[in-house]
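Beneath this line is the structure, given in structure tokens, with notes to follow.
Reminder, nothing fancy here: chain letters follow the sequence lines and each chain counts from 1.
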Number of protein chains: 2
Amino acid sequence: MSTSASASPEPRPPGRVRLEDVAAAAGVSRTSASRVMLGQGKVSDRTRRRVLAVADELGYVTNVAASELASGGSSTVGLLLRDASNPAYGLLFSELQKAGHAAGVTLLSMTIKHDDQGRQQVASLHRLMGMRVAGLIVATGGVTSDQLEPFRDRLPIIRAGRPESSGRIHAVSYDEEDAARRLAEHILELGHTDVAVQTARAEDSYPEFVRSTVMAQLLEIRGATVHRLEYRRGHDAMDESVDLARRGRVSAVMVPSDLRQLTLIRRLHEAGLRTPEDVATTGCDGILPGIDLLGLTTMRIAVEDVAERTIANIARMIGATGTGDDAGSGGSAEAGPGDPAGGRVVHERLPGRFIQGRTAGPPRTTGRTPA
Amino acid sequence: MSTSASASPEPRPPGRVRLEDVAAAAGVSRTSASRVMLGQGKVSDRTRRRVLAVADELGYVTNVAASELASGGSSTVGLLLRDASNPAYGLLFSELQKAGHAAGVTLLSMTIKHDDQGRQQVASLHRLMGMRVAGLIVATGGVTSDQLEPFRDRLPIIRAGRPESSGRIHAVSYDEEDAARRLAEHILELGHTDVAVQTARAEDSYPEFVRSTVMAQLLEIRGATVHRLEYRRGHDAMDESVDLARRGRVSAVMVPSDLRQLTLIRRLHEAGLRTPEDVATTGCDGILPGIDLLGLTTMRIAVEDVAERTIANIARMIGATGTGDDAGSGGSAEAGPGDPAGGRVVHERLPGRFIQGRTAGPPRTTGRTPA
DNA sequence: CTGTTAGCGCTTTCAG
DNA sequence: CTGAAAGCGCTAACAG
């Protein structure tokens, strides 16, 4: 495998091998060679075998650029991703790749930093468009619907992991509301009546915004006293949370992400407070390795499901089959690309799983309202 | 920005806009338009301005496939990545993207699952080659030097995060030996003389193999009694570790990764053993969020540095400048691609940082050999 | 079943 | 400074 410089008379030059070279060496025309490589059309078994053998021997690999140019379309799907150092996004990325692989969809990934008010995002978007991807998966909140809209009628776009408000863009997302509800209900069941909820602004993190909003609302509806602590750049609301807990004003602090919960617990420890004895805490995500050791009470979001459904949808929209079968060369015309059969916009929400953990216990005061 | 269907007489079709369209609308030739888009050659200021304006208005984006085909070379770098659900790889991925971005290098990422004895890897490699990337960054152990070798003389290849044995492939890696040494010395300093070391096989995880091997060797050289517990598929060596600890045969267990350390701690807890009171443990990586809360004693590998150096090297090799300047259109001939000035193979090892943590304390028996 | 003939959209000599 | 012409390597109708 490693040192196979044997029978070949000519010491094959390092330069790239063209299909034409393969065809010549196999004694057929470019067309036939092409057909073999594409696995389409009718080719005699002998021809196919020969071409394949020669191609392998010569180390031929299809020039994707030329291929796409000639055929007028790529089969790869662009993936706009957010900073994968966030474990939740890293996992989503992996799962998308895995699912894509299984479905025969090649993903072209591009991460973007979430600063720079969308300007950078647009640039990445353009590069992806320049590569003439067949579809687009957007797995970052940074890009707004407006920025996506102009491309919407050139290719199918689907958001992964975040709901989409625009009626023309597909989405497979985590059911944040369900997650928020279940966490809030858990806190209520434990008997907490005074709760601090760290809230995010929609423009900073939409998922966290939804989570925190729903949690706070549900708690209030059920008669609990809620302290909303909004955080933003340069103000993480942690000090206020710790302060409220220390003064006994709240017996539980709910935050909209596990990363924040870690920070919170850290701060509480520094202040000499323990979970769940002194204060109950909940987070959200459930992705971090070692979460069980930390005993975080949280929701595990359905990353695998979201990835799987996202790929399934986009694959259908671009007509990929993964086995090389043809998905019908005609029939995509006026309806616009990316419309699933019937022109309906996909809009799925996948629920997660509650993780009991050990950071949320009953309040120290026996749970009665001080009334 | 969103609803700009104004002055244009013809309701511009949703289809792609070609450079020719731009040229026509601007009243110049394709050639001039091309020159403007490439930012090269001499074009009058008025022409440039007009072309740019029209291009923007029409929403023109360069067809990368056609461009690369015509110019015979892409400026993107392929990135072969391992499963990003592993936090260490997820972070490396992010950092590479970030560094690439800063250096003006576009990365084309592709993750691979680490099963399937390299067969899958080769397929991904081929796809990347098919995209005619200008260089290749390999950030996964799964791909062997032999598999890389055939492509070595077509483009520069650099390994990120893992050392490379082949003398022809570049590498920027973590200094695993240094990490192993420092951890082992820490254990020795604490007074441990009987230590279990979970070892990995080179073919399963080379970094973990090096770490565990070096740790064990150093411990032995210094006179400690080492129990090597090798793990492989279906046997994680955890039971043996717990058993040795419970029977007091070892006072410390060293494992070659934090993920494993988490598993170990979990198992120890289940067996009623605590760290560091009953047994000391160390891991390696230091990437996990919340590592401070868990108090893991470990080494933080230099992910950021590795990413930065990797990009710097590959950028130089492919002659990228990030500002669009030309790096000399001639001069790359016999020396082979990817050879840095002088033809030397890059081979950097970057040291990490020790993290004290709380999982490793002194042995319960006062540290004297039972002799 | 196979080969021939045109391009895909862009970059690039080479003349104006 | 600008345009005309010639492909890059491949696929896609068309004939054989």
Give a yes/no answer on whether the side chain of Q40(B) brings an N or O atom under 4.0 Å of OP1 or OP2 in dT12(C).
yes

Between C1' on dT11(C) and CD on E20(B), what's the gap in Å once rounded to a whole number?
14 Å

Let me know, please, whether A65(B) or K42(A) comes out on the 5' side of the other along DNA chain C by nearest nucleotide.
K42(A)

Where the side chain of L69(B) is defined as all heavy atoms beyond and including C-beta, which of dT11(C), dG9(C), dC1(C) is the nearest nucleotide?
dG9(C)

Dot-bracket assigned to DNA chain C with the 3.5 Å Watson-Crick/G-U criterion, [ ] for crossing and | for other-strand pairs, is ||||.|||||||||||

Would a distance-only check, ignoring hydrogens and angles, find a side-chain to backbone donor-acceptor pair under 3.5 Å from D21(A) to R18(A)?
yes

Student check: side-chain heavy atoms of F151(A) and H126(A) closer than 4.5 Å:
yes

Value rounded to 0.5 Å, distance of OG in S32(A) from CE in M37(A):
13.0 Å

First-last contacting nucleotides on DNA chain D - partner chain B, under 4.0 angstrom, heavy atom:
dC1(D) to dG9(D)

Residue mapping more 5' on DNA chain D - nearest nucleotide basis, D45(B) or R132(B)
D45(B)

Could you walk me through whether S109(A) and Q97(B) pass the side-chain hydrogen bond (donor to acceptor under 3.5 Å, both in side chains) check?
CA-CA 10 Å; S109(A) 325; Q97(B) 291 276 170; over 6 Å; no

So, the side chain of S71(B) versus the backbone of S67(B): is there a donor-acceptor pair under 3.5 Å, distance only?
yes

Do side-chain atoms of H170(A) reach the backbone of V346(A) as a donor and acceptor pair under 3.5 angstrom?
yes

With salt bridge (charged side-chain N to carboxylate O under 4.0 Å, His left out) as the test, would you mind laying out the steps for E149(A) and R152(A) before giving the verdict?
CA-CA 5 Å; E149(A) 200 53 51; R152(A) 167 55 186 76; 5.8 Å; no

Whole angstroms only, please: what is the CE-P distance between M129(A) and dG9(C)?
15 Å

I want to confirm an ordering. Mapping M37(B) and E68(A) to their closest nucleotides on DNA chain C, which one lands closer to the 5' end?
E68(A)

Using a 4.0 Å heavy-atom cut-off, does S67(B) contact any base of the nucleic acid, only the sugar-phosphate backbone, or nothing at all?
sugar-phosphate

Report the distance from atom CG of L19(A) to atom P of dC8(C), rounded to the nearest whole Å.
20 Å

Is there a donor-acceptor contact under 3.5 Å from the side chain of S74(A) to the main chain of T76(A)?
yes

Hey, is the side chain of T31(B) pairing donor to acceptor with the base of dT12(C) inside 3.5 Å?
yes

Can you see if the side chain of S32(A) gets near the phosphate of dT2(C) - specifically, an N or O under 4.0 Å from OP1 or OP2?
no

Euclidean distance, atom CZ of residue R35(B) to atom P of dT13(C) [Å, nearest integer]
11 Å

Go through the steps to decide whether R132(B) and E68(B) satisfy the test salt bridge (charged side-chain N to carboxylate O under 4.0 Å, His left out), and finish with yes or no.
CA-CA 9 Å; R132(B) 293 299 190 270; E68(B) 292 186 350; over 6 Å; no

